[in-house]
Visitor: 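Sending over a structure as structure tokens; questions will come in a sec.
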Amino acid sequence: MKKAIKEIIECALNKAKDAGELELADAPDVVVEKPKDEKMGDFASNIAMTLARSERKNPKAIAQIIERHIDKGTAVLDSVEIAGPGFLNLKMSQKFFLDRFTDAVEKRNDFGESNVGQGTKILIEFVSANPTGPLHIGHGRGAAVGDALARILKKAGYDLKTEYYINDVGNQMNILGRSTWLRYLELLGSDTEFPEDHYRGEYIKDIAQLAIDQHGKEFFDKPEEECVPFFKKLAKDNILEGIKEDLSDFRVTFDNWFSEQSLYEDNSVEGAIEWLRGKGHVYDKDGAVWLKSSAFDDDKDRVIVKQTGEKTYFCSDIAYHQNKIKRGFKKIINLMGADHHGYVPRMEAVLQAMGYDKNIFKILLIQFVSLLRGGEKVAMSTRSGEFETLSDVVNEVGVDAARYYFLMRSSDAHLDFDLELAKQETSENPVFYIQYAHARICSIFRGAEEKGIQFSGNESIDLSLLVEEEEFSIIKAILAFPEVVEKSALALEVHRISHYLLDLVSRFHGYYSRHRVISDDVPLTLARLYLLDGLRITIRNGFDLMGISVPEKM
RNA sequence: GCGCCUGUAGCUCAGCUGGAUAGAGCAACGGACUUCUAAUCCGUAGGUCGUAGGUUCGAAUCCUACCAGGCGUACCA
């Protein structure tokens, strides 16, 4: 939409240049934005101010020159004004907006899409929680943000894939297997000691019970080395199954589940080390193998193979990210908890060592979630196994409210998630406010049908009957949607969608209380229904990006 | 010590990558349901944008220093 405005101004600039009134040494970048106050106009440009220096004229004089050269004979432009220090304020015609609005409505579910992504291949990796226990609320935020981001980036024209990286190798897995084995022995009456650093959650006992149900006492007398591999696999598979289920209940799916183990099986990890060694980025010291990450802005060098010969987590991560790039992704996005932020510089160092531009790699840090209940902090402790799992939270407040709460704030701000507020169906809870608007609109359509008013988007409706200022305020807000999606995609900021919808919907609630949609004036009724149809589509598409449902009745 | 994030109304937060008089919701106060869903709407009040400098036509936004809170700074993952 702003493109059209940009062209009008650029055209005027060119004419001014041809007339010799402006120098315009290099073609200026025309920025068009919405004025703060809608009364000032529909669009504004600060071009006169940015040109002030190079033209050596005061902004107002430049604005006057441009204004004179703007083509006012067209059907799209109503008026041009110069305001403040030199803003050009443009008011567009009713036709300008209505033409665009009908285009938008016709796009239906596709409304909001754009092509800023230009089909760029992106991989977004998120959640990637270790399969050692159920997902907790912090993972929930990552899941909601990652999933919504994926939907937004697709809408903005990227070729996007989602991925979950499974850390199914290493010491944590051994401890998991051992924990399960010990619980197994315990359940069968053996008097065993359960170490502090083992997984103490109830779910481990459930898995041990499962082993008993399936295999009885088969592992009771066997030595540890023979048992742990079995229990490791059993526990991992079982927990992973639970994670997949929790995510699917939370409306989060992945295109690919990538196993760390597979990187060892196909020798990618060895290969990556050797490759880096060949490039001189790796050296041996104190019996360990180090990556010279300090050469690429990391604080210090990092161990990739321990003295014991075991590879570090970081080591397989190197191979993993090499693998991602080899698969042809031009941009790689990782979501991580903010407590992992120390990890960012070394990961960027690896990519540079491998000869890639570090800008193809973007780590999004998701800040902490504090769980509250009626203003009181809920204690969370992973070690003791007592914590609010994602599925507990979802069961309590519902998927829609949970997702909305995770997505309503900028992900680099701490989030207070209050269980009481999230499930309250009051104005304190914006998710219902937005859903309510949708339900209201649907209710109006039902009412129209009952009155025998035939509405179909195809029939000729006289939209010029929409003359109320509030109606245009809604239309203009609807038309801003694709741009919101675009900006949200470029900034990787999901919360913009929820703020946008809140603003959009509040315009509707105000309009609703002052104007009746259904009346005896059938043409006007149809025109207003058409407006609401467009609004309904926008709400639905917006919530779809957030993975939130739009009820037709509440 | 060093690094990352945050600091805007009593509370929870926006502020569209530097623009016009800093905006919402909640809480407070006052109004609106015989009319398409009151889970709603309308109005009043509420501010040294953490502090101090700097950059320029113009700063909540960019730079520097400081203050406060959170997180990190492993041959853990």
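For clarity, every value in this text was computed on a predicted model and none was experimentally measured. Letters A, B, ... mirror the listed sequences (proteins, then strands); counts begin at 1.
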Visitor: Counting the atoms with a prime plus P, OP1 and OP2 as sugar-phosphate, which does A:Lys2 contact under 4.0 Å by heavy atoms, base, sugar-phosphate, or nothing?
Guide: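 The residue A:Lys2 makes no contact with any strand.
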
Visitor: As a quick check of understanding, evaluate side-chain hydrogen bond (donor to acceptor under 3.5 Å, both in side chains) for A:Arg178 and A:His198, giving each step before the final call.
Guide: CA-CA 8 Å; A:Arg178 204 158 181 279; A:His198 279 38; 3.2 Å; yes

Visitor: Do A:Glu310 and A:Thr308 pair up side chain to side chain, a donor and an acceptor below 3.5 Å, judged on atom types alone?
Guide: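 Their side chains do contain a donor-acceptor pair, which is all the 3.5 Å distance test asks for.
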
Visitor: Think A:His509 has a side-chain N or O under 4.0 angstrom from the OP1 or OP2 of B:A24?
Guide: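 Indeed not, no polar side-chain atom of A:His509 lies that close.
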
Visitor: Measuring to OP1 and OP2 of B:A39, would you say a side-chain N or O of A:Tyr436 lies under 4.0 angstrom away?
Guide: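 The answer is yes; a side-chain N or O of A:Tyr436 sits under 4.0 Å from OP1 or OP2.
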
Visitor: Counting only side-chain nitrogens and oxygens, does A:Arg346 get under 4.0 Å of the OP1 or OP2 atom of B:U73?
Guide: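 A:Arg346 to B:U73 OP1/OP2: no side-chain N or O under 4.0 Å.
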
Visitor: Please state the P separation for the pair B:G31 and B:U48 - nearest whole angstrom.
Guide: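 Each nucleotide's P atom is 30 Å from the other's.
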
Visitor: What's the closest nucleotide to the A:Lys487 side chain, out of B:C41, B:C76, B:U17?
Guide: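 Among B:C41, B:C76, B:U17, the one nearest the side chain of A:Lys487 is B:U17.
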
Visitor: Name the nucleic acid region contacted by A:Ala44, choosing base, sugar-phosphate or nothing; use a 4.0 angstrom heavy-atom cut-off, strictly under.
Guide: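 Contact class for A:Ala44: base.
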
Visitor: Is a side-chain N or O of A:Ser293 found less than 3.5 angstrom from the main chain of A:Lys300, in a donor-acceptor match?
Guide: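 Between the backbone of A:Lys300 and the side chain of A:Ser293 there is a qualifying donor-acceptor contact (under 3.5 Å).
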
Visitor: Among B:C71, B:A77, B:A38, which is the nearest nucleotide to the side chain of A:Phe368?
Guide: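 For A:Phe368, the side-chain atoms sit closest to B:C71.
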
Visitor: Measuring only the C1' atom in each nucleotide, how far is B:A27 from B:U21? A whole number of Å is fine.
Guide: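 Between the two C1' atoms, the distance is 26 Å.
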
Visitor: Under 4.0 Å: is that the gap between some side-chain N or O of A:Tyr343 and OP1 or OP2 of B:A74?
Guide: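 No, A:Tyr343 has no side-chain N/O under 4.0 Å of OP1/OP2 on B:A74.
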
Visitor: Taking only side-chain nitrogens and oxygens of A:Lys553, does any of them come within less than 4.0 Å of OP1 or OP2 of B:A39?
Guide: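 Looking at the OP1 and OP2 atoms of B:A39, neither is under 4.0 Å from any side-chain N or O of A:Lys553.
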
Visitor: Is B:U21 in the syn range, within 90° of 0, or in the anti range?
Guide: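 This nucleotide is in anti.
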
Visitor: Under 4.0 Å, heavy atoms only, any strand: does A:Ser410 hit a base, just the sugar-phosphate, or nothing?
Guide: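 Result for A:Ser410 = sugar-phosphate.
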
Visitor: With rounding to the closest Å, how many angstrom separate the P atoms on B:C4 and B:A65?
Guide: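 Taking atom P in both B:C4 and B:A65, they lie 11 Å apart.
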
Visitor: Reckon A:Gln307 touches a base, only the sugar-phosphate, or nothing at all at heavy-atom distances under 4.0 Å?
Guide: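 Base contact.
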
Visitor: From B:A20, B:A14, B:G19, pick the nucleotide closest to the side chain of A:Ala413?
Guide: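 Closest nucleotide to the A:Ala413 side chain: B:A14.
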
Visitor: Would you kindly give the CG-to-P distance between A:Leu492 and B:C16, to the nearest whole Å?
Guide: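 Spelled out: CG on A:Leu492 to P on B:C16 is 16 Å.
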
Visitor: Syn or anti for B:C26? Use the chi torsion, O4'-C1'-N9-C4 for purines and O4'-C1'-N1-C2 for pyrimidines, with syn inside 90° of 0.
Guide: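 With its glycosidic angle more than 90° from zero, B:C26 counts as anti.
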
Visitor: How long is the line joining OH of A:Tyr511 and C1' of B:C41, in whole Å?
Guide: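 Atom OH in A:Tyr511 sits about 15 Å away from atom C1' in B:C41.
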
Visitor: So that I can tick it off, tell me whether A:Glu470 and A:Arg507 are bridged by a salt bridge, with the cut-off set at under 4.0 angstrom between side-chain N and carboxylate O.
Guide: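 Not counted as a salt bridge, because no side-chain N and carboxylate O are separated by less than 4.0 Å.
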
Visitor: For A:Ala338, report the nucleic acid contact type (base, sugar-phosphate, nothing); a contact means any heavy atom under 4.0 Å.
Guide: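 Touches sugar-phosphate only.
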
Visitor: Tell me which nucleotide, if any, is Watson-Crick or G-U wobble paired with B:C66 when both distances must be under 3.5 Å.
Guide: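 Checking every strand shown, B:C66 finds its partner in B:G50, with both distances under 3.5 Å.
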
Visitor: Picking from B:C42, B:U40, B:G19, which would you name as closest to the side chain of A:Arg440?
Guide: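 Looking only at side-chain atoms, A:Arg440 lies closest to B:U40.
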
Visitor: Could you tell me whether A:Ala439 contacts a base, only the sugar-phosphate backbone, or nothing, with contacts defined as non-hydrogen atoms closer than 4.0 Å?
Guide: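 A:Ala439: base contact, heavy atoms under 4.0 Å.
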
Visitor: Checking A:Glu471 against A:Tyr511: is there a side-chain donor and acceptor pair closer than 3.5 Å?
Guide: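 Yes.
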
Visitor: Pick base, sugar-phosphate or nothing for A:Ala83, based on heavy-atom distances below 4.0 Å to the nucleic acid.
Guide: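 If one applies the 4.0 Å heavy-atom cut-off, A:Ala83 turns out to touch a base.
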
Visitor: What is the distance from CG of A:Leu415 to P of B:G69, rounded to the nearest Å?
Guide: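 Answer to the nearest Å: 22 Å.
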
Visitor: Among the candidates B:A77, B:U40, B:U37, find the nucleotide nearest to the side-chain atoms of A:Ser443.
Guide: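 It is B:U37.
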
Visitor: Given the P atoms of B:A24 and B:G47, what is the spacing between them in whole Å?
Guide: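 Straight-line distance between the two P atoms is 15 Å.
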
Visitor: Once you apply a heavy-atom cut-off of 4.0 Å, does A:Gly170 come out as touching a base, just sugar-phosphate, or nothing?
Guide: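 Answer is nothing: A:Gly170 stays at 4.0 Å or more from every strand.
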
Visitor: Closest to the A:His341 side chain: B:C57, B:G72, B:C76?
Guide: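 The listed nucleotide nearest to A:His341's side chain is B:G72.
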
Visitor: How about NZ on A:Lys423, more than 12 heavy atoms from neighbouring residues, nucleotides or ligands closer than 6.0 Å, or not?
Guide: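 More than 12 heavy atoms, drawn from other residues, nucleotides or ligands, come within 6.0 Å of this atom.
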
Visitor: Go through the side-chain N and O atoms of A:Asp301 and A:Tyr283 and say whether any donor and acceptor fall under 3.5 Å apart.
Guide: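 A donor-acceptor contact under 3.5 Å links the two side chains.
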
Visitor: Of the options B:G69, B:C41, B:A20, whose atoms approach the side-chain atoms of A:Pro35 most closely?
Guide: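 In terms of side-chain proximity for A:Pro35, the closest of B:G69, B:C41, B:A20 is B:A20.
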
Visitor: Could you tell me how far apart A:Lys300 (NZ) and B:G1 (C1') are, to the nearest whole angstrom?
Guide: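 One finds 13 Å between C1' of B:G1 and NZ of A:Lys300, rounded.
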
Visitor: Starting at atom CZ of A:Arg409, determine the distance to atom P of B:U6, rounded to an integer number of angstrom.
Guide: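 Taking CZ of A:Arg409 and P of B:U6, I get 15 Å after rounding.
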
Visitor: By centroid distance (under 5.5 Å) and plane angle (under 30°), are A:His499 and B:G15 in a stacked arrangement?
Guide: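 No, the aromatic ring of A:His499 does not stack with the base.
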
Visitor: Angle between ring planes, A:Phe508 versus A:Tyr512, binned at 30° and 60°: parallel, tilted or perpendicular?
Guide: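 The rings of A:Phe508 and A:Tyr512 sit tilted, inter-plane angle from 30° to 60°.
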
Visitor: Which part of the nucleic acid, if any, lies within contact of A:His438, taking any heavy atom under 4.0 Å across all strands shown: a base, the sugar-phosphate backbone alone, or nothing?
Guide: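 Nothing, no heavy atom under 4.0 Å.
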
Visitor: From the list B:C36, B:C42, B:C75, which nucleotide is the closest neighbour of the side chain of A:Arg514?
Guide: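 Nearest to the side chain of A:Arg514 among the choices is B:C42.
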
Visitor: Expressed in angstrom and rounded to an integer, what is the separation of A:Asp412 atom CG from B:G70 atom P?
Guide: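 Going from CG in A:Asp412 over to P in B:G70 covers 18 Å.
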
Visitor: What is the nucleic acid contact for A:Tyr500, judged by heavy atoms within less than 4.0 Å: base, sugar-phosphate only, or nothing?
Guide: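 A:Tyr500: no heavy atom of the nucleic acid under 4.0 Å.
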
Visitor: Whole angstrom is fine here: how far is it from CG in A:Leu421 over to P in B:C13?
Guide: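 Spelled out: CG on A:Leu421 to P on B:C13 is 12 Å.
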
Visitor: Would you kindly give the CZ-to-C1' distance between A:Arg507 and B:G23, to the nearest whole Å?
Guide: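 So the two atoms are 13 Å apart, to the nearest Å.
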
Visitor: Considering every strand and a 4.0 Å limit on heavy-atom distances, what is the contact class for A:Gly342: base, sugar-phosphate, or nothing?
Guide: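 The answer is sugar-phosphate, as A:Gly342 gets under 4.0 Å only of primed atoms, P, OP1 or OP2.
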
Visitor: Would you indicate what A:Asp286 reaches in the nucleic acid, counting non-hydrogen atoms under 4.0 angstrom: base, sugar-phosphate, or nothing?
Guide: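 Touches a base.
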
Visitor: Using the P atoms only, state how far B:G54 lies from B:U40, rounded to an integer number of Å.
Guide: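 Looking at atom P only, B:U40 and B:G54 are 48 Å apart.
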
Visitor: Hey, is the side chain of A:Asp339 pairing donor to acceptor with the base of B:G72 inside 3.5 Å?
Guide: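 Between B:G72 and A:Asp339, which were checked side chain against base, a qualifying N/O pair under 3.5 Å is absent.
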
Visitor: Quantified in whole Å, what is the P atom distance between nucleotide B:C41 and nucleotide B:U37?
Guide: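 One P to the other, the span is 16 Å.
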
Visitor: Is the distance between the ring centroids of A:Tyr436 and A:His509 under 6.0 Å?
Guide: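 Between A:His509 and A:Tyr436, the centre distance is under 6.0 Å.
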
Visitor: Is A:Lys306 near enough to B:A74 that one of its side-chain N or O atoms lies under 4.0 angstrom from OP1 or OP2?
Guide: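 Answer no for this pair, as no side-chain N or O of A:Lys306 is under 4.0 Å from OP1 or OP2.
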
Visitor: Using Watson-Crick or G-U wobble geometry with both distances under 3.5 Å, which nucleotide pairs with B:A38?
Guide: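 Across all strands, not a single nucleotide pairs with B:A38.
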
Visitor: Which part of the nucleic acid, if any, lies within contact of A:His340, taking any heavy atom under 4.0 Å across all strands shown: a base, the sugar-phosphate backbone alone, or nothing?
Guide: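 Touches a base.
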
Visitor: Roughly how far apart, to the nearest Å, are B:A60 and B:G19 at atom P?
Guide: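 Nearest-Å result for B:A60 against B:G19 at atom P: 10 Å.
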
Visitor: Please check if any side-chain donor atom of A:Asp521 sits under 3.5 Å from a side-chain acceptor atom of A:Ser519, or the reverse.
Guide: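 Side-chain D/A pair, A:Asp521 to A:Ser519: absent.
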
Visitor: Kindly confirm whether the side-chain ring of A:Phe87 is stacked on the base of B:A20, judged by centres under 5.5 Å and planes under 30°.
Guide: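 So A:Phe87 counts as stacking on the base.
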
Visitor: Checking all strands, does A:Asp168 fall into the base, sugar-phosphate, or nothing category for heavy-atom contacts under 4.0 angstrom?
Guide: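 If one applies the 4.0 Å heavy-atom cut-off, A:Asp168 turns out to touch nothing in the nucleic acid.
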
Visitor: For B:C67 versus B:A28, give the span between their C1' atoms, rounded off to a whole number of Å.
Guide: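 Here B:C67 and B:A28 have their C1' atoms 32 Å from each other.
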
